[in-house]
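Numbers here simply count residues along the sequence, with the first being 1.
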Amino acid sequence: MCNPFKLNNVTPFKRRMSIDPSLIGENKLNAKSVKCKDCGDLIIRKNVGTYVKKDIYLPKYNSRRPEDGEVESDFWFLNNMMKFDNIGFSKMVQGNDKTATSIVTPSPPEATGVVDPQNATNPTLHHQHVRYLTCCACDRGPVGVQLTPQEFYIDAKRVAYD
Ligand SMILES: [Zn+2]
């Protein structure tokens, strides 16, 4: 198992508020349907994703540079791609390519107060076939990540609810 990302190693501004508890329904399922916050395209219907607390490194929203990211920790978990109504996959794939290298060894020009990716546990680096999830209608994202064929995580704070 990979080491959990240690929150107490993170500078305070990196600690972020949890999501609105009213979004979490019975059995920790999403109480509202999850949509793209930019175009409103339906991503998952309600009662499909399970709320989980998990620290996962994601590139910033609308960033095309994988090394420019942050650790998110509120996710809707799905174990099957067929449970999505609509989802796209980013071409940013980590693995043994140079994209992964650029995440492991970025040159941090102003590392003060910023999570140093070289020291921080980056859960995604322990997985061979990480794919980022995007809105398939407008291609914005990433809104989440696929870690294994049966593990999909939608960032609960990068989506809209209805
Ligand atoms: Zn969209």
Side-chain angles (χ1 to χ4, degrees), residues 2-7 9-25 27-95 99-100 103 114-115 117 120-127 129-162:
C2 29
N3 294 324
F5 189 92
K6 294 280 195 298
L7 263 185
N9 290 340
V10 180
T11 43
F13 73 88
K14 279 286 178 185
R15 287 182 166 225
R16 306 179 67 192
M17 299 283 288
S18 281
I19 65 166
D20 182 348
S22 71
L23 296 172
I24 305 169
N27 298 321
K28 293 197 168 187
L29 295 171
N30 56 306
K32 298 181 178 177
S33 57
V34 171
K35 299 182 161 193
C36 170
K37 67 180 181 178
D38 282 318
C39 74
D41 202 48
L42 181 64
I43 297 173
I44 54 174
R45 291 168 198 276
K46 67 183 215 176
N47 298 328
V48 169
T50 304
Y51 177 74
V52 292
K53 272 274 187 196
K54 185 176 172 74
D55 294 315
I56 303 177
Y57 176 95
L58 286 181
K60 283 183 180 161
Y61 196 78
N62 281 342
S63 172
R64 292 293 169 188
R65 298 188 304 131
E67 69 274 20
D68 178 22
E70 56 199 347
V71 175
E72 302 283 10
S73 52
D74 296 278
F75 290 92
W76 301 111
F77 169 75
L78 288 78
N79 62 4
N80 187 336
M81 194 174 81
M82 302 309 288
K83 292 185 176 178
F84 288 95
D85 267 72
N86 295 290
I87 198 67
F89 291 95
S90 155
K91 291 185 177 63
M92 281 193 290
V93 177
Q94 295 181 22
T99 306
I103 291 172
V114 176
V115 176
T121 301
N122 183 339
T124 62
L125 293 180
H126 297 280
H127 298 272
H129 303 291
V130 168
R131 290 199 295 177
Y132 294 112
L133 308 177
T134 61
C135 172
C136 77
C138 71
D139 206 31
R140 298 279 174 81
V143 295
V145 63
Q146 177 186 10
L147 296 183
T148 72
Q150 277 87 40
E151 278 185 282
F152 300 83
Y153 295 91
I154 294 290
D155 188 333
K157 286 183 286 196
R158 295 189 181 193
V159 291
Y161 296 91
D162 194 0

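- Residues I56 and V71 have side chains not in contact (no heavy-atom distance under 4.5 Å, counting atoms from C-beta outward).
- Rounding to the nearest 0.5 angstrom, the gap separating the CG atom in L133 from the CD1 atom in I87 is 4.5 Å.
- With hydrogens and angles ignored, the 3.5 Å screen pairs no side-chain donor or acceptor of T134 with any backbone N or O of C136.
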Show which side-chain atoms of residues 41-49 pair as donor or acceptor with protein atoms under 3.5 Å away, not counting sequence neighbours.
residue: R45; atom: NE; partner: D85; partner atom: OD1; Å: 3.1
residue: R45; atom: NE; partner: D85; partner atom: OD2; Å: 3.0
residue: R45; atom: NH2; partner: D85; partner atom: OD2; Å: 2.7

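- Taking both residues in full, the closest heavy atoms of W76 and L23 are given as CH2-O, 3.4 Å, listed atom of the first, atom of the second, then distance.
- With sequence neighbours left out, D20 forms a side-chain hydrogen bond (donor to acceptor under 3.5 Å, both in side chains) with S22.
- A side-chain donor-acceptor contact under 3.5 Å links S33 to the backbone of D162.
- Distance check, rounded to the nearest 0.5 Å: OH of Y51 to CD1 of I154 gives 14.5 Å.
- A salt bridge links R158 with E72: the distance from a Lys NZ or Arg NE/NH1/NH2 to an Asp or Glu carboxylate oxygen falls below 4.0 Å.
- Considering only residues two or more places apart in sequence or on other chains, D38 meets the salt bridge (charged side-chain N to carboxylate O under 4.0 Å, His left out) condition with R140.
- By the 4.5 Å heavy-atom criterion applied to side chains, E70 and Y61 are not counted as neighbours.
- Side-chain contact between E151 and F77 is present, with heavy atoms from C-beta onward closer than 4.5 Å.
- Taking each heavy atom of C36 and C39 in turn, the nearest pair found is SG-N, 3.3 Å.
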For this session: Would you please test S18 and K157 for side chain to side chain donor-acceptor pair (under 3.5 Å) and show each step?
Result: CA-CA 9 Å; S18 281; K157 286 183 286 196; over 6 Å; no

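- With sequence neighbours excluded, no residue forms a salt bridge (charged side-chain N to carboxylate O under 4.0 Å, His left out) with K37.
- Legend: residues meeting ring-ring contact (aromatic ring centres under 6.0 Å, His included) with F84, ordered by chain and number and at least two apart, are F152.
- Separating the NZ atom in K60 from the CG atom in D68 is a distance of 4.5 Å, to the nearest 0.5 Å.
- Side-chain atoms of Y57 come within 3.5 Å of backbone atoms of G69 as a donor-acceptor pair (strictly under, hydrogens ignored).
- Residues passing the side-chain hydrogen bond (donor to acceptor under 3.5 Å, both in side chains) test with K83 are N79, sequence neighbours excluded.
- Contacts of N62 classified as side-chain hydrogen bond (donor to acceptor under 3.5 Å, both in side chains), with partners at least two apart in sequence or in another chain: none.
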Exercise. Between I24 and I19, does a side chain to side chain contact (heavy atoms under 4.5 Å, CB included) hold up when you go through it step by step?
Worked result: CA-CA 9 Å; I24 305 169; I19 65 166; 4.0 Å; yes

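- The CG atom of D155 sits 4.5 Å away from the CZ atom of F75 when rounded to the nearest 0.5 Å.
- Although no hydrogens or angles enter the test, the distance criterion places a donor-acceptor pair under 3.5 Å between the side chain of N30 and the main chain of K32.
- Residues S90 and P142 form no side-chain contact, since every pair of their non-hydrogen atoms from C-beta on lies 4.5 Å or further apart.
- When every heavy atom of C135 is checked against every heavy atom of V143, the shortest pair comes out as N-CG2, 4.5 Å.
- No side-chain heavy atom of D74 sits under 4.5 Å from any side-chain heavy atom of Y153.
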